[in-house]
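Below: one structure, written as structure tokens.
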Number of protein chains: 2
Amino acid sequence: MKNSTHVYNPHVSVDCVVFGFDGEKLKVLLIERTIEEQNFSDKKLPGSIIFEDEDLDEAAIRILNELTGLKNIYLSQFHSFGNPQRTKNMRDKNWLEKLTNMKIGRIVTVGYVALIKISRKIIFESENTAANWYDVSSLKSLRLAFDHNEIADTALEHIRHKVKSEPSMLFELLPQKFTMTQLRNLYDIIMGTTSDVRNFKKKIMQIEGLEQLDEVQKDVPYRAPRLYRFDKKVHKKNTRKLYS
Amino acid sequence: MKNSTHVYNPHVSVDCVVFGFDGEKLKVLLIERTIEEQNFSDKKLPGSIIFEDEDLDEAAIRILNELTGLKNIYLSQFHSFGNPQRTKNMRDKNWLEKLTNMKIGRIVTVGYVALIKISRKIIFESENTAANWYDVSSLKSLRLAFDHNEIADTALEHIRHKVKSEPSMLFELLPQKFTMTQLRNLYDIIMGTTSDVRNFKKKIMQIEGLEQLDEVQKDVPYRAPRLYRFDKKVHKKNTRKLYS
DNA sequence: ACAAAAGTGTTGCCCATACACCCATGT
DNA sequence: ACATGGGTGTATGGGCAACACTTTTGT
């Protein structure tokens, strides 16, 4: 603090790791980045430098809204990344400076996890950005821009922990009506487990607000599975002092 | 991103919530802030704007080292705070600008929890700062500078969660040799529980590396309690795939 | 002897796990 | 009829919670 010549203010950005679930695989939303001069293309996490009068949560909400058109997305800040080297790669740096019309020295980024229902058809083509879902399992073979591989890995760790203390967050990834198998698959993919069918059902049905419907899935070439839904309001009402 | 006139770079700081335990109470380390012109005095968390080429973790290490002279302190980043209003209070703003000799618009801060053994005698008088331990329970009646009450509360929440998944972090707060009662008190204060003496011992003794010594505490006016110690190396060696 | 805190085991209960067979549907 | 995945119940063991009396030491 005393030697203010050492003090420096970086840019601050928010990066979002957006998870989705297609019924079988866990997905991440990545933005296609093309650098035409170099005939080069890769992927990055959605993110943006924060605006002048914007809170961090607000910035995350804005980024997701610009990208998907959706509001009321489940968001959870998980970690901040400030390694001075993280924006030093020349390709990344040039790309950023061209995009923002600013000289970029250093960026500290705040990481957010977002969970969205992949079922909602979303317009992923805002002006100059294209986004696509990628299997989480394919992440290790993708070289994302900046330190986005590290950020995505940390995000995965984060939701793993969070599912344990707050399993109801799983329903943010499922459509309004879903089958028990989908729910169990989702749980197992995130947690890296292989749950027993019967035991899983017993345990998960303890969650307030999760209820079995008198309805089955249509158009399946085998015995139609029953559908379930999750009522957030019922859940919140009856889940006050839980999460011991 | 498209409207770069909205983009703005704030300062980035790291604030540390330093916890200690004196055998009975959980303590936080607060810095005395005096504004002589106004004959005013209050407290704040230790923190600093990050240096130009410094990672966030490094900044936290530096802050704690400048404050206590210690190295190898347990550190854990827990949340970032970026509300644009958080540095808008005039008293805080003037104080900051005088201290840093810079115009301060906005500060995004990254919060760290630090755990230290209160037993080590520490020099808390670095040049112009004085720091003292305060009971965590007294926090709600103290009006800290900036949004430091909120930061401290979030830090407490954080260690509460963390103790559950990683109870060995409790030993960071205890002296090298400690009694079972101290350990249990510490656990109960953090978790807000009142554990049964026998059950607690059974459970906690499952931790690898925690061992009972053939030694008792001296100079107590009642039956001398036995001492325990925690061996970090033994713990790490035998605790690979745990924390399910 | 008394005050103050330390130390120590057993039991019952509940929850988590393990496990196998029949059912419904489409081809 | 067969292939595919859906759906269901019970028995067992381990871990957690409840619980009370004796020991040590200083005054």
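Quick caveat, the model's predicted, so the values are computed rather than measured. By convention in this document, chain letters (A, B, ...) are assigned in the order of the sequence lines, proteins followed by strands, and residues within each chain are numbered from 1.
Taking atom CG on B:Leu227 and atom P on C:dA6, their separation rounds to 12 Å, with Å as the unit. Protein atom CD of A:Gln212 is 8 Å distant from nucleotide atom P of D:dG7, rounded to whole Å. Here the P atom of nucleotide C:dT27 and the CG atom of A:Asp219 are 10 Å apart, to the nearest Å. Taking atom CG on A:Asn185 and atom C1' on D:dG6, their separation rounds to 13 Å, with Å as the unit. Rounded to a whole Å, the CD atom of A:Gln217 is 18 Å from the P atom of C:dA24. Rounded to an integer number of Å, the gap from B:Gln182 CD to C:dA5 C1' is 13 Å. Computed from coordinates, the B:Phe200 CZ to C:dT8 P distance equals 15 Å when rounded to whole Å.
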Going through the checks in order, is the side-chain contact (heavy atoms from CB on, under 4.5 Å) test met by A:Leu30 and A:Leu142?
CA-CA 11 Å; A:Leu30 298 178; A:Leu142 290 176; 3.9 Å; yes
Check step by step if side-chain contact (heavy atoms from CB on, under 4.5 Å) holds for A:Asp231 and A:Arg229.
CA-CA 7 Å; A:Asp231 189 327; A:Arg229 75 187 180 93; 4.1 Å; yes
For nucleotides 10-21 of chain D, give me one character per nucleotide, 5' to 3': B if any protein heavy atom sits under 4.0 Å from the base, S if the only such contacts are to the sugar-phosphate, - if neither.
B------BBBB-
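Checked for salt-bridge contact, A:Asp42 and A:Arg143 miss the test: no charged N lies under 4.0 Å from a carboxylate O.
Distances shown here put every side-chain N or O of A:Thr181 at or beyond 4.0 Å from the OP1 or OP2 atom of D:dG5.
For B:Glu24, the CD atom sits in a loose shell: 12 or fewer heavy atoms of surrounding residues, nucleotides or ligands are nearer than 6.0 Å.
The aromatic ring centres of B:Phe178 and B:Phe171 sit less than 6.0 Å apart.
Of the listed nucleotides (D:dT8, D:dG6, D:dT25), D:dT8 has the atom at the smallest distance from the side chain of A:Lys201.
Counting only N and O atoms by type, the side chains of B:Ser165 and A:His161 include no donor and acceptor under 3.5 Å apart.
Heavy-atom distances to DNA chain C give each of A:Tyr222 and B:Arg223 a nearest nucleotide, and the one nearer the 5′ end belongs to B:Arg223.
Residue contacts shown for A:Thr179 are absent, as no nucleic acid heavy atom lies under 4.0 Å away.
The shortest distance between side-chain heavy atoms of B:His158 and B:His79 does not fall below 4.5 Å.
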